[in-house]
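Take a look at the structure set out below.
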Amino acid sequence: MELAAKYNAAEVEDRWYAYWLDHKFFHSEPNEKEPYTIVIPPPNVTGILHMGHVLNNTLNDVLIRNARMHGKNACWVPGTDHASIATESKVVAKLKAMGISKEDIGREEFLKHAWEWKEEHGGIILQQLRKLGCSCDWDRTRFTMEPALSEAVINTFVHFYRKGWIYKGVRMVNWDPEALTAVSDDEVIHKDTQSHFYHLRYYISDGNGNPTDQFLVIATTRPETIMADAAICVNPNDERHHWLRGKKVLIPLINREIPVIEDDYVEMDFGTGCLKVTPAHDVHDYEIGLRHNLPVLEIIDDHGKLNENAQILVGEDRFVARKKIVKMLEEAGNLVKVEDYTSPVGYSERTNAVIEPKLSAQWFLKMDTLAKVALETVESGRTKFIPERYVNTYRHWMENAHDWCISRQLWWGQRIPAYYLPNGQYVVEATPEAALEAARAICPDIKAEDLRQDEDVLDTWFSSWLWPISVFDPDMPGHPDHKPNKDLSYYYPTSDLVTGPDIIFFWVARMIMAGEEFMGREPFSNVYFTGIVRDKIGRKMSKTLGNSPNPLDLIETYGADAVRIGMLLCSSAGNDIFYDEAQIKQGAAFCNKIWNSYRLVKGFSVDDSVAQTPAAAAAIRWFDAKLSETVAAVEDHYRKFRISDALMAIYKLFWDDYCAWYLEAIKPAFGQPVDRATYDATLGYFEALLKLIHPVMPFITEELWQNMEDRKDGETIMYAAAPAAKPYDPDTLVNFELAEEAVNGVRGIRNQKNIAPKETLDLKIKGGFPADVLSVIEKMGNVKVETVADFGSGQGVGFMVRTHEMFVALNGLVNVAEEIAKLEKDLAYQQKFLAGVRGKLANERFVANAPAAVIENERKKEADSLSKIESLESQLKALKNS
RNA sequence: GAGGGCUUAGCUCAGUUGGUUUAGAGCGCUUGCUUGACAGGCAAGAGGUCGGCAGUUCAAAUCUGCCAGUCCUCACCA
């Protein structure tokens with residue numbers, strides 16, 4: 001087959017992906033081999049591929065393909081997450097555009113729309129992953145809301161409820177009075193907002209609900225909430241306010257009596273040091289209320305209007321009420337002063353409405369035991385974090401874990417299996433049938449229609465924390481007494497998890513908890529945290545900035561291999577990635593390099609009667625060792641998850657060592673054939689290199705590997721054994737490096753003196769240089785080498801390769817004054833260096849304390865330096881005499 | 001405000017428990033090459049007092065303290 005001068009990725013990639021799929025190469029079933037398992041961090045079902053996914057999934061694929069080639073039974077389980085908030089808001093937006101609100105159509109109808117949306121847009125991202133070359137076991141694709149996994153979630157809820165770890169509690173949520181829903185903390189944007197600080201006078205009560213002459217002053221930004229006050233709070237250490245102990249005060253305008261309490265929460269030097277405590281409408285006040293057993297009185301309704309409890313201004317919007325009440329307070333003589341004040345106020349990300357803290361009943365899962373166990377998993381090293389520093393973050397969170405609020409006021413998700421009886425009692429059961437039975441134990445004549453299921457659904461993470469278990473055996477999480485099925489016993493615990501540090505608590509920590517709870521052991525051995533993909537100048541990729549490229553466009557332009565390598569080139573673990581298209585271009589250039597080196601090798605004509613040249617023999621000896629050295633290094637990098645280092649080692653082995661040195665050294669003269677032994681070795685190395693590169697660049701390597709020989713249908717590089725490191729003689733490497741340095745020296749001189757590479761030069765080398773690489777120097781440097789005892793008196797330029805002296809004869813081309821100046825500069829440097837080394841050696845304390853090896857090294861430096869100085873001096877002498 | 005991370009060449013980063021580091025790589029940059037695989041290429045070269053100050057040590061990019069800059073997580077102050 002004729003090979004084009006340029007590699008055409010687009011033409012190649014779809015073909016091989018289809019081939020891999022046809023032969024089910026990605027599919028894994030339990031067998032006698034060692035498993036290597038990864039579960040995908042499930043992307044949102046309606047999401048589309050962005051650069052973060054590209055990075056994450058490329059890393060996953062590299063690990064999976066590498067494991068596969070190392071003889072493991074590799075299984076990468078793909079799937080998607082139902083992402084309740086994100087998906088529901090998309091569906092709500094779609095319906096809104098059609099003039100429909102979800103309340104109008106009701107839960108059942110809404111869910112129909114949501115499933116339609118999921119069928120239409122769901123899984124696009126999984127298709128996109130195929131373009132990237134991901135070798136996921138598509139037969140195992142899962143969705144967190146598919147029936148079996150939903151059942152697992154419900155069973156899990158029942159499991160923890162029976163254990164007494166799930167309870168119903170009241171919590172302050174972020175209420176959006178426009179959208180009429182609670183929103184998560186992440187969806188609240190705090191903005192500094194201009195407002196006022198109102199100083200209000202509260203009179204001390206005489207004990208009968210009548211004001212005395214005494215008063216205190218509080219400062220508030222929300223005067224419209226005074227009717228919900230439950231106490232006035234001061235700091236116990238604040239002597240200014242000790243006289244208030246045991247007193248009661250009267251709320252202005254409505255004259256309700258409330259106590260004065262003391263709590264450390266109050267800052268003495270902020271405001272007046274007196275805080276009005278409004279448990280129903282402020283998070284901190286709610287907590288103070290809990291500590292002091294204060295009553296909770298709500299005066300603001302779901303729409304942000306004052307209700308009956310307020311007694312005054314009933315029905316007014318909270319902001320209108322604020323204006324009006326200020327006036328009323330002023331008229332009543334309770335307003336002391338008004339200050340301008342800027343404070344952070346929470347706004348809803350979606351409606352931009354000011355968030356109203358609101359109490360509501362939520363379901364919680366106790367974290368104490370789960371967190372303790374999960375912390376131990378990581379501290380003991382059964383699960384390792386890469387980079388390790390994330391253990392600190394993890395520990396800090398686990399030691400301060402709050403109970404997990406698992407209910408969400410949404411419809412898209414697993415509905416909480418709590419069923420309320422008409423009398424307000426409730427039962428928790430996996431199915432409505434079981435619930436009815438349980439309810440009858442309480443109320444014998446109750447009917448199914450009397451039971452009302454909880455309206456809320458479960459937090460999405462309450463399903464994704466089961467992912468490493470439920471994808472293999474959905475029955476397992478709800479029934480921890482059951483024996484794991486064949487898949488789960490084989491694939492669990494999974495090997496590595498690749499994810500972003502932003503979900504270390506949401507997801508990673510909770511998977512560890514669930515793993516320990518249901519399987520009694522960690523869900524994965526290693527967690528590799530990637531960084532965040534940013535643009536060239538460090539901004540996060542975002543739709544609004546428009547700085548995020550579409551990965552599919554990049555794949556189309558440069559090829560998936562180029563995109564993969566481009567992302568890996570700049571990604572060390574845990575560091576943010578500064579994405580630059582130039583790196584992908586570099587990846588494309590690498591593809592082209594591989595392609596063209598193959599064209600060269602394939603273009604050789606082979607002649608069995610031709611003898612191998614000494615240079616080719618030397619190059620083969622060297623490359624054999626070099627390959628082993630690099631394979632060992634690459635394996636070490638992989639073991640330590642230094643993926644970009646592994647890639648760079650391979651990149652340099654291919655480009656610098658194989659192409660720039662090896663191929664040039666064995667390349668026959670123009671028009672000449674190559675001998676059989678050299679040709680076979682060269683193709684063998686090429687194949688080894690393809691295998692080494694394959695995990696990173698699956699497509700081009702398959703294309704060339706298939707082209708190398710007439711492969712049978714069903715053969716693939718995917719399952720070829722990775723090259724193994726063999727023992728080698730380090731001297732082989734050192735000797736070739738000496739030759740390289742000698743050639744570099746000659747090339748440097750050519751450059752300086754403007755001598756064409758074609759012009760053959762004479763190179764004199766003083767004795768002791770390894771003889772087996774001289775032929776390489778001759779070929780690569782285009783020189784005639786002569787080993788001599790003395791350079792004699794000819795004109796030329798000398799240089800040193802480590803401790804070996806070399807001399808290029810150059811008649812008539814040497815500028816004596818220039819050479820002398822250069823040599824003198826070198827000499828001065830060497831003398832200074834020598835003085836440094838000798839200073840160290842003359843230091844008694846150094847000689848007394850340093851290890852012998854270090855001292856030995858300093859002596860070697862001294863000797864090397866001395867020999868260089870000697871050489872420089874003799875060259876100078878020769879030049880000056882010429 | 002609390003905690004954590006980072007700071008090494010123009011850019012992005014290595015530097016593996018202080019001594020073969022006389023600090024490296026890739027990209028970029030400069031110079032020279034229509035060298036018959038590749039100009040998406042070849043060759044050579046310049047470029048860093050390892051953020052600052054102080055300390056520990058015979059020895060510090062590496063350990064300690066303080067300072068500066070930067071980023072992240074959490075909390076956001078009535």
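Every heavy atom of this structure was used, including side-chain atoms; hydrogens, water molecules and symmetry mates were not. Labels below follow one simple rule: chain letters A, B, ... track the order of the sequence lines, proteins then strands, and each chain is numbered from 1. Treat the numbers as computed from the prediction; the structure is a model and nothing was measured.
Between the side chain of A:E664 and the base of B:A37, a donor-acceptor pair under 3.5 Å is found. Judged by atom type and distance alone, A:R642 reaches the base of B:U16 through a side-chain donor-acceptor pair under 3.5 Å.
Using a 4.0 Å heavy-atom cutoff across all strands shown, A:S597 reaches at least one base atom of the nucleic acid. Counting non-hydrogen atoms under 4.0 angstrom, A:V266 reaches a base of the nucleic acid. Counting non-hydrogen atoms under 4.0 angstrom, A:R222 reaches nothing in the nucleic acid. Note on A:D282: nothing from the nucleic acid sits closer than 4.0 angstrom, heavy atoms only. Note on A:N592: a base of the nucleic acid sits closer than 4.0 angstrom, heavy atoms only. A:A660 comes within 4.0 angstrom of sugar-phosphate atoms only, judged by non-hydrogen atoms across all strands, and of no base. A:E759 comes within contact range of no nucleotide atom at all, as no heavy-atom separation falls under 4.0 Å.
For A:N751, taking side-chain heavy atoms from C-beta onward, the closest of the listed nucleotides B:G4, B:G40, B:U31 is B:U31. When each of B:C71, B:A37, B:G32 is scored by its nearest atom to the side-chain atoms of A:N754, the top-ranked nucleotide is B:G32. Each of B:A78, B:C38, B:A44 was ranked by its minimum atom distance to the side chain of A:K593; first place goes to B:C38. Considering only side-chain atoms of A:F578, the nucleotide from B:A37, B:C13, B:A78 that sits closest is B:C13. Checking B:C58, B:G40, B:G4 against every side-chain atom of A:N392, the shortest atom distance belongs to B:G4.
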Just to be sure I follow the notation: if a pair is Watson-Crick (purine N1 to pyrimidine N3 plus N6-O4 or O6-N4) or a G-U wobble (N1-O2 and O6-N3), each under 3.5 Å, what dot-bracket string does RNA chain B give, with | for pairs to another strand?
(((((((..((((.....[....)))).(((((.......))))).....(((((..]....))))))))))))....

List the protein contact pattern of nucleotides 22-27 of chain B with one symbol per nucleotide (5' to 3'): B for base contact, S for sugar-phosphate-only contact, - for none; contact means a heavy-atom distance under 4.0 Å.
B--SSS

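We find the NZ-CG distance between A:K6 and A:N596 to be 8.5 Å, quoted to the nearest 0.5 Å.
The NZ-P distance, from A:K6 to B:A37, rounds to 16 Å in whole Å.
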Check against salt bridge (charged side-chain N to carboxylate O under 4.0 Å, His left out), A:R291 and A:D263:
CA-CA 9 Å; A:R291 285 199 287 276; A:D263 195 288; 3.0 Å; yes

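Nucleotides B:U8 and B:C50 have their C1' atoms positioned 4 Å apart, rounded to a whole Å. B:U49 and B:A43 have their P atoms separated by 29 Å, given to the nearest Å. Between B:U12 and B:G48, the distance separating the two C1' atoms is 15 Å to the nearest Å.
Classification of A:K640 and A:D636 as a salt-bridged pair holds, one side-chain N sitting under 4.0 Å from a carboxylate O.
Residues A:D645 and A:G271 each lie close to RNA chain B; by heavy-atom proximity, the contact nearer the 5' end of the strand is made by A:D645.
Partners of A:F270 according to the side chain to side chain contact (heavy atoms under 4.5 Å, CB included) rule, which considers only residues two or more places apart in sequence or in another chain, are A:F197, A:E267, A:Y341.
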